[in-house]
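Positions are given from 1 along the sequence. In each ligand, atom 1 is the first atom listed, and ligand 1 is the first ligand listed. All values derive from a computational prediction rather than experimental measurement.
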Amino acid sequence: MGFTTRFAPSPTGQLHLGHAFSALLAFDMAQEAQGRFLLRIEDTDTARCTPAFEAQIYEDLTWLGLTWETPVLRQSDNTSAYETALTQLGDMGLLYPCSCTRGDIRRAMSAPQEGAPMHGPDGLIYPGTCRHRVWGDRTDTDAVRLNMKKAIDSLTTLPLYTDTGLHPAIRLTRDHFVNAVGDVVLARRDTKTASYHLSVVVDDGAQGITHVIRGEDLATATAIHVLLQTLLGLPIPMYHHHRLIRDDHGKRLAKRDDARAIAHYRSEGATPRDIRRMVGL
Ligand code: GLU
């Protein structure tokens, strides 16, 4: 099996040292394996992504010494592939439309019989208000959710994956998916675009990604991705969850941490070699 990996940033802010680490690590691993390194722009969140941030991604990565194959896949150009995957899952009877706002979900969760609200990888675990609705009744103002119980029960065996990085692969059990993940959103109601989970899985499959190299903060999302790959009949790549780059207080870096932005270090005269040293490569 060849080695194909990708770096998949969202142009919603400046790339920081954590992104530099992830991109350099993936690039180095691809070089070492004499494999392929792809760049993918994850810009389905049209409200937060900007062309200026996208341009800066190319600039920062080029400055770091990375090269990638072109053309670059931009998720905003690929929406019909996500809609096809959605239809596939919808036709399997695993999806339902959902009109709940965050406020509706919070109110349903605070109803006296509900007990303490449970958080999953995407926030509050959905209480199931719209679960009775059918896929065919989807309207323009609905989000689309995966019926997790039905999805798990449609499989004869639960998916498995390998993690070659730090994070032990999460044990994928029915209980984990139903109680700790819940009915995740696969298409958003605000932007009417595919959610991160669906678009990543469709693109990793279409681009023949064999190794996904990402921060360990995404390990809980990986479990959802492996499930979606199984439902859609896509190959399951190897996963490598790497350590996170943290600030001096041990907090993981966020896009608003401009002081840690690659562009900031560059403007202060740092070299790409300095950046490699700072992230421990
Ligand atoms: N686009 C996402 C991010 O910037 C995720 C990348 C991935 O799926 O590995 O965090």
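In this structure, F7 has no heavy atom closer than 4.0 Å to ligand 1. Residue contacts with ligand 1 do not include H19, since none of its heavy atoms lies under 4.0 Å from the ligand.
Ranking protein heavy atoms by distance to atom 1 (N) of ligand 1, first place goes to E42 OE1, 2.5 Å. Atom 6 (C) of ligand 1 has its closest protein heavy atom at A8 O, 3.4 Å. Shortest contact from atom 10 (O) of ligand 1 to any protein heavy atom: L218 CD1, 4.4 Å.
Under the 4.0 Å criterion applied to side-chain N and carboxylate O atoms, R138 and E83 are assigned as salt-bridge partners.
T5 places no side-chain N or O within donor-acceptor distance of the main-chain N or O of F37, the cut-off being under 3.5 Å. In this structure, the side chain of D43 engages the main chain of Q75 through a donor-acceptor pair within 3.5 Å. Judged by distance alone, the side chain of R188 and the main-chain N or O of T44 form a donor-acceptor pair under 3.5 Å.
With Y126 as the aromatic partner, R131 does not meet the cation-pi criteria of under 6.0 angstrom to the ring centre and within 45 degrees of the ring axis.
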